[in-house]
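Input: a single structure, listed below in structure tokens.
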Amino acid sequence: PNGAYSIHFDNGSGDVIFKNCKLYGWNSFGSSLNSVSFEGCSLNGNGTYALIRSYVALSLTDCVINTTNADATDGYSEGVEAVGGANLTETNVVYEINNTTSIDKALQNGKNVVLTEDLTFSANDTTANSGYGATGVEVDGGVLDGNGNTLTVNNAWDTWDCAVNAVSGTIKNLTVSGAMRGIFMGSANGGIHLNFNSRNNLVDSNTCLYNGIGIYLENYCKNNTISNNTSSYNYGYYGVGIEVDWNGDNNTIIGNTCEYNNGSIEADESCGIEIRSNRTDTEHLIINSIVTNNKCRYNGKSGIHLGGNNTICSNNICENNGTNLSFSETSDILIVGGEGVLLSQNTIQSFTSKATLRIKESNKVFVKNNNIIGKGSTVNILLLVESDNVYLTYNNFSGSSTERRIVFYGSDDLKIKNIQLISNLIDCPTNGYPVLEFNNVDTYRSKYNMFLADSKVIAWQCANELTD
């Protein structure tokens, strides 16, 4: 019954040891004992006080502390407390929690916490403090395991407010919602944020919804793997699913789903995945990025936005991006300022964007073995702008018959040099529009391409066509 002690030692001596026990209620141990230890035990609250208070050395090993029915207003609401200067040692102890006060204290004290159900509270109701803004909880050395549940933190929507402030530790199996920034490390723009110089981290199997940026790798984050996450419906100023910022080398983005991300015209990002770099900005260059096996759909400006050097983008599905037509340049995959980019075995398809694949101001781009499909009435399959040394091989290009299809577009001041179109299948009924259009192209080579139906209509403004 409520109010009953499970175990109460006010007097006595010696060492008290509990092994493989299931205890329900309040457990108290006085200072006359030598020590108390629990091994392989399950401790559960009964509505009064918390679970353990000990005035002597207390040791817990392989225990589960369930605070679901503990008194959340008690001074020891996280479940276990050694008082009066007594030493507390915990090894492989898990706290099962379903209330605000308990999770607040347990995480700040480095405990391993498992949520037993969805938890919603106000940032005003906890003591956690990131130092930047309103904070829901703080992970400091322990584990926060969402156990498939959702943590919703309200009253945390100013610029630097967050649901979870991560000092150190592990966060997994958790859906974070409600706050401006979901999981925050030091300074952040994202739901999950890796701070400056974060390296060799794995961010896996998380859900990031309704943030400014879902997962954000700030400057100089290197050798990280971002895998199997869902980062969608991010909005506000940026509206990005996953972003790697300046000098973020050797990161791998694999197996993620990024959908319905849409930000402001001013920020000009609004995409599923972004490698934020440009080959002309050598001070902030990103090199050796791998973007593979991701699904990016229905994002505002583009599905995947690539910049920087030596980037591999393969086996991704990018469909129906460019949903916000207020952007002047929408596409499913956008390569801007890239050099040494390999685009292979992707499915790139659009009904809505202005170009299924857009390559702009780039050099040494290899487009190989992709399915590139434009189905909308105003969609270009490929729009190549002021880029040199672009190799298009073994791709399937297909589209509708209402607009021009594959466009190579230079300018009077910056002609395109060295375009190679080799062994592609091109199935684009023309209806009077050119399938291939060349504007201010300096050098072009075409070999072994197959044009289906009435696809082979070409409009020329090309200085040199190389033939073998």
Result for side-chain contact (heavy atoms from CB on, under 4.5 Å) between N363 and one of N418, V390, N389, V341 points to N389
Smallest separation among heavy atoms of C162 and A156, with atom names
O-CB, 4.2 Å
Of the non-hydrogen atoms in T150 and D118, which two are nearest, and what is the gap between them?
N-OD1, 2.9 Å
Using the side-chain hydrogen bond (donor to acceptor under 3.5 Å, both in side chains) rule, take S231 and N229 through it: C-alpha gap first, then chi angles, then the decisive distance, then the call.
CA-CA 6 Å; S231 188; N229 302 283; over 6 Å; no
Please assess V367 against T393 for the test side chain to side chain contact (heavy atoms under 4.5 Å, CB included), listing each intermediate value before the final yes or no.
CA-CA 6 Å; V367 181; T393 59; over 6 Å; no
Begin from the C-alpha positions of V64 and E96 and carry the test side chain to side chain contact (heavy atoms under 4.5 Å, CB included) through to its verdict.
CA-CA 7 Å; V64 176; E96 297 180 342; 3.6 Å; yes
From T126 OG1 over to F121 CZ, what is the distance, rounded to the nearest 0.5 angstrom?
5.5 Å
Spatial distance of atom NZ (K417) from atom CG (N440) [nearest 0.5 Å]:
11.0 Å
Heavy-atom distance under 4.5 Å between the side chains of H305 and C271, does that happen here?
yes
Heavy-atom side-chain contact between I359 and L343 under 4.5 Å
no
Residue pair N165 / T135, side-chain donor-acceptor N/O under 3.5 Å
no
Taking atom types as modelled and ignoring hydrogens, do the side chains of N395 and N424 form a donor-acceptor contact shorter than 3.5 angstrom?
yes
Please check if any side-chain donor atom of T127 sits under 3.5 Å from a side-chain acceptor atom of Q108, or the reverse.
yes
Given side chains that start at C-beta, do those of N66 and L43 come closer than 4.5 Å, heavy atoms only?
no
Short side-chain donor-acceptor distance under 3.5 Å, T257 and T230:
no
Check for a donor-acceptor pair, side chain of D281 on one end and backbone N or O of N278 on the other, with a separation under 3.5 Å.
no
Taking atom types as modelled, find out whether E386 and S411 have a side-chain donor-acceptor pair closer than 3.5 angstrom.
yes
Report yes or no: does N321 contribute a side-chain atom to a donor-acceptor pair with the main-chain N or O of Y298 at less than 3.5 Å?
yes
S122 versus D125, side-chain donor and acceptor atoms under 3.5 Å:
no
Any ion pair linking E361 and R279 (charged N to carboxylate O, less than 4.0 Å)?
no
Any chance the side chains of T101 and N99 put a donor and an acceptor closer than 3.5 Å?
no
For A128 against G136, the heavy-atom pair lying closest together
CB-O, 3.7 Å
Sidechain-backbone polar pair: T330 side chain, S353 backbone, donor-acceptor under 3.5 Å:
no
For the residue pair S344 / N369, report whether a side-chain donor-acceptor contact shorter than 3.5 Å exists.
no
Using a cut-off of 6.0 Å, state whether more than 12 heavy atoms not belonging to Y409 lie near its atom OH.
no
Are any side-chain N or O atoms of K354 and backbone N or O atoms of F327, one a donor and one an acceptor, separated by less than 3.5 Å?
yes
Side-chain touch L383/S331, heavy atoms, less than 4.5 angstrom:
no
Any side-chain heavy-atom pair from Q349 and N371 closer than 4.5 angstrom?
no
Between the side chains of E437 and N439, does any donor sit under 3.5 Å from an acceptor?
yes
Ring geometry between Y260 and Y233 (parallel below 30°, tilted from 30 to 60°, perpendicular above 60°)
parallel
Value for CD1 (I215) from CD1 (I242), rounded to nearest 0.5 Å, stands at 4.5 Å
Any donor-acceptor N or O pair under 3.5 Å, side chains D249, N288:
no
Steps toward side chain to side chain contact (heavy atoms under 4.5 Å, CB included) verdict (L392, F408)
CA-CA 12 Å; L392 306 161; F408 306 117; 3.9 Å; yes
Please report the shortest heavy-atom distance between C313 and L306, naming the atom on each side.
CB-CD1, 3.6 Å
Any chance OH of Y394 has more than 12 other-residue heavy atoms, nucleotides or ligands included, within less than 6.0 Å?
no
Does the separation of the ring centres of Y220 and F196 fall below 6.0 angstrom?
no
Side chains of N147 and N173: any donor to acceptor distance under 3.5 Å?
no
Could you walk me through whether I273 and C296 pass the side chain to side chain contact (heavy atoms under 4.5 Å, CB included) test, one step at a time?
CA-CA 8 Å; I273 296 171; C296 298; 3.7 Å; yes
Could you tell me how the ring of Y210 sits relative to the ring of Y235: parallel (under 30°), tilted (30 to 60°) or perpendicular (over 60°)?
perpendicular
For a 4.5 angstrom cut-off between non-hydrogen side-chain atoms, does T207 reach L209?
yes
Spell out, as yes or no, whether a donor-acceptor pair under 3.5 Å connects the side chain of D332 to the backbone of G303.
no
N-O pairing of R276 and D245 below 4.0 Å:
yes
For residues L119 and I103, determine if any side-chain heavy atom of one lies less than 4.5 Å from a side-chain heavy atom of the other.
yes
Rounded to the nearest 0.5 Å, what separates atom CD in E339 from atom CG in L285?
9.0 Å
Salt bridge flag under 4.0 Å for residues E90 and K111:
yes
Taking N262 for its side chain and N299 for its backbone only, find out whether a donor-acceptor pair lies under 3.5 Å.
no
Heavy-atom distance under 4.5 Å between the side chains of N247 and I286, does that happen here?
no
Is a donor on one side and an acceptor on the other found under 3.5 Å between the side chain of N346 and the backbone of I348?
no
Tell me whether T311 contacts the main-chain N or O of G338 through its side chain, where contact means a donor paired with an acceptor under 3.5 Å.
no
Is the side chain of N316 donor-acceptor paired with the backbone N or O of C318 at a distance under 3.5 Å, no angle test?
no
Separation between OH (Y95) and OG1 (T116), nearest 0.5 Å, reads 15.5 Å
If we check side-chain contact (heavy atoms from CB on, under 4.5 Å) with V113, which of these qualifies: L107, V137, I65?
L107
Count the heavy atoms belonging to other residues, nucleotides or ligands that lie under 6.0 Å from OH of Y237, then report whether that count exceeds 12.
yes
Under a 3.5 Å cutoff, is there a donor and acceptor pairing between the side chains of S446 and N449?
yes
How many angstroms lie between atom CZ of R297 and atom OG of S232, to the nearest 0.5 angstrom?
9.5 Å
So does V93 get a backbone contact from the side chain of N112, meaning a donor-acceptor N/O pair under 3.5 Å?
yes
Modelled atom types, side-chain donor and acceptor of N228 and D204, under 3.5 Å:
yes
Please determine whether side-chain hydrogen bond (donor to acceptor under 3.5 Å, both in side chains) holds for the pair S314 and T292, giving the CA-CA distance in whole Å, both sets of side-chain angles, and the decisive distance to 0.1 Å.
CA-CA 5 Å; S314 64; T292 185; 3.1 Å; yes
